[in-house]
Each structure stands twice: as structure tokens, then as C-alpha cells.
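Here is the structure we will look at.
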Amino acid sequence: MKPLPPEFYGRPVLEVAPDLIGCTVVHGETAGTIVETEAYHQEEPACHAYVGLTARTRTLFGAPGRAYVYRSYGIHAMLNAVCEPEGVGAAVLIRALAPEAGIELMRARRGVSDERELCSGPGRLTQALAIGLELNDTPLDHGEVVVLPREGPVPAVVSSVRVGITKAAELPWRFSAVSNPNVSRPWPWRTARGRRRAPEGAVASRSG
DNA sequence: CATGGGATTGACT
DNA sequence: GTCAATCCCATGC
């Protein structure tokens, strides 16, 4: 299976974020299917690129299809896929995976045994797959970390508000695979904020 | 150069 | 429900 090419990412971030649900992240012997993402764009203040081009945001403004990895709360690494054409600061945060390969290795790295706790959060999945800051700005189609296209049917996806942000908190730019136990809390599919999205076609709602 | 605020998690009340 | 850990980096003096 060939990795997704840069052209896949060089589109509007609100199209790429739901399209990544069901795709597979591979690093070494470990791999998992994406079940939760969030979109970030330079025009809204929750995005790091909102402040413009700096040393930190250089990757975000660079070519699409590369990894943007940064440290959050001084502890966790966050894995993003850079999107939109070069010069536009936008990315999709990979928030949760369904473990597929190297599960015992993930258990050892995470120190927990429950499969649902291995990759159900952005900090958890980078620990389970051993994705660190050294992978920032590496290509996702021929680098150490690769993303493979969906193999099965298009999954049902629900959009909801993003997690853990204070600015532009009302935008429904979080996308989750419906009823998948590997999605991080809070689960959106029972809440009033969650909105089901057609399995195919339509772009996510901007208005909530 | 000092400061403050996180795209989080896990432990605890 | 609350809270601390821990560090990068944007910002302001």
C-alpha cells in the first residue's frame, strides 16, 4: 500500500481532517488507524500559525504532507499533518488511533494494558508509537512516519468542537469515528454538540 | 533576559 | 470534580 501523497494534504484542511479518519499511521513496528482528528488554520487564533511565520511555525507554513510535531504542556508530543499549499499555515492534529500493529510494544511504552488506553489521545498515541520532536518536518509519504490510505469502507464520522482550547472554541473542527472506543474523551456522538456527517462528500459544517 | 501560557495526562478529593 | 508536572516559545521589558 502506497502512502498518501503530498497532494492529499495540499487541500483545504477542513476536507483533509475528516478524510484522514480510517487512514493508518505507521512508525516502525507500530501502527494504528486514525479515529479522531482536529483541523487548525492560520486564520483562527487556536492555530499556532495564527501569529505568523516564526521559528516554531516554520513547518506549518511549509510544504503539505509533512509532520508538524511539537511539545505540549512541556510533556507530550503532538503529531500533526501539515495541510494546504506551501505558504498557508494549517495542519490536522492526529488525536487518536485504533491500535493495529505492535500492540505489545505499545503496552510496554505506555505502561498500561487496556488496548483502549494505548492511543486514545494525542499525547498517548505519540508515546505508543514513539513519535518524538525529532520527527518534526519529516515527510509523511517517504519518511520514518508514514500515513497509508483507507482500505475498507468510508467510516461514519461525527464533527464536534475541538478539545482543550480557549480561543475559537466554538468551531466544530473535531472529527471522530462514530462509536469507536479509541476516540478520546469527551465522546461527541451522544452530545448536543456532536453533528453527524454524511459518510461521503460534504465538507464539514463551519457554523456548528 | 524574564515571564506566562498552553492543541494533555494521570493522580487524587 | 481539581490540580500539578514540565518545557518550548512568543511576547514584552
Side-chain angles (χ1 to χ4, degrees), chain A residues 9 12-14 16-18 20-21 25 32 34-62 64 66-84 88-97 99 106-137 140 145 147 158-177 181-188 191 193-194 204 206 208:
Chain A
Y9 302 94
V13 71
L14 285 179
V16 179
L20 276 172
I21 303 293
V25 178
I34 299 172
V35 297
E36 182 184 355
T37 62
E38 282 178 1
Y40 288 86
H41 190 278
Q42 65 181 54
E43 292 187 1
E44 46 91 13
C47 183
H48 292 169
Y50 185 72
V51 298
L53 182 59
T54 65
R56 182 193 200 187
T57 61
R58 189 186 68 256
T59 306
L60 274 175
F61 284 94
R66 301 176 80 86
Y68 169 52
V69 187
Y70 70 95
R71 188 171 298 291
S72 176
Y73 291 95
I75 303 171
H76 306 287
M78 301 281 129
L79 172 65
N80 300 251
V82 176
C83 293
E84 310 231 358
V88 179
V92 173
L93 170 66
I94 311 296
R95 283 192 59 86
L97 308 174
M106 292 183 185
R107 286 197 171 104
R109 287 169 177 162
R110 292 273 300 117
V112 297
S113 57
D114 189 332
E115 194 168 312
R116 294 165 301 183
E117 293 185 14
L118 295 178
C119 299
S120 54
R124 290 172 170 181
L125 72 90
T126 54
Q127 184 182 25
L129 273 64
I131 294 171
L133 302 190
E134 72 279 3
L135 296 176
N136 184 43
D137 207 22
L140 292 171
V145 176
V147 181
V158 63
S159 71
S160 57
V161 294
R162 296 175 292 185
V163 177
I165 56 171
T166 58
K167 293 167 284 193
E170 75 287 357
L171 299 177
W173 287 10
R174 179 193 185 201
F175 303 92
S176 309
N182 295 285
V183 171
S184 72
R185 309 292 187 87
W187 289 338
T191 75
R193 303 304 302 266
R206 275 174 166 268

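Please read all numbers here as calculations on a predicted model, not as lab measurements. Throughout, protein chains are lettered first and strands after them, A, B, ... in sequence-line order, and every chain is numbered starting at 1. Computed over heavy atoms, backbone and side chain alike; hydrogens, waters and symmetry mates excluded.
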Quiz item: Of the nucleotides dT8(B), dC7(C), dC9(C), which one has an atom closest to the side chain of R71(A)?
Solution: dC7(C)

Practice problem: Examine distances only and state if a side-chain atom of T37(A) and a backbone atom of A17(A) form a donor-acceptor pair shorter than 3.5 Å. | Solution: yes

Quiz item: Think R110(A) has a side-chain N or O under 4.0 angstrom from the OP1 or OP2 of dG10(B)?
Solution: yes

Quiz item: Planes under 30° and centres closer than 5.5 Å, is that true for Y73(A) with the base of dA5(C)?
Solution: no

Quiz item: Hey, does R162(A) reach any base, or is it just sugar-phosphate, or nothing, if we go heavy atoms under 4.0 Å?
Solution: nothing

Quiz item: Taking the side chain of H48(A) as heavy atoms from C-beta outward, which of dT9(B), dG6(B), dA7(B) is closest to it?
Solution: dA7(B)

Practice problem: Name the pairing partner of dA7(B), where a pair is Watson-Crick or G-U wobble with both distances under 3.5 Å, or state none. | Solution: none

Quiz item: Starting at the 5' end of DNA chain C and moving along, which residue's nearest nucleotide shows up first, I75(A) or L133(A)?
Solution: I75(A)

Quiz item: Taking S160(A) for the side chain and P188(A) for the main chain, is one N or O donor matched with an acceptor at less than 3.5 Å?
Solution: no

Self-check item: Distance below 4.0 Å between R95(A) side-chain N/O and dT8(B) OP1 or OP2
Solution: yes

Quiz item: Does T54(A) place a side-chain N or O at less than 4.0 Å from the phosphate oxygens OP1/OP2 of dA10(C)?
Solution: yes

Quiz item: Below 4.0 angstrom from OP1 or OP2 of dG10(B), is there any side-chain N or O of R124(A)?
Solution: yes

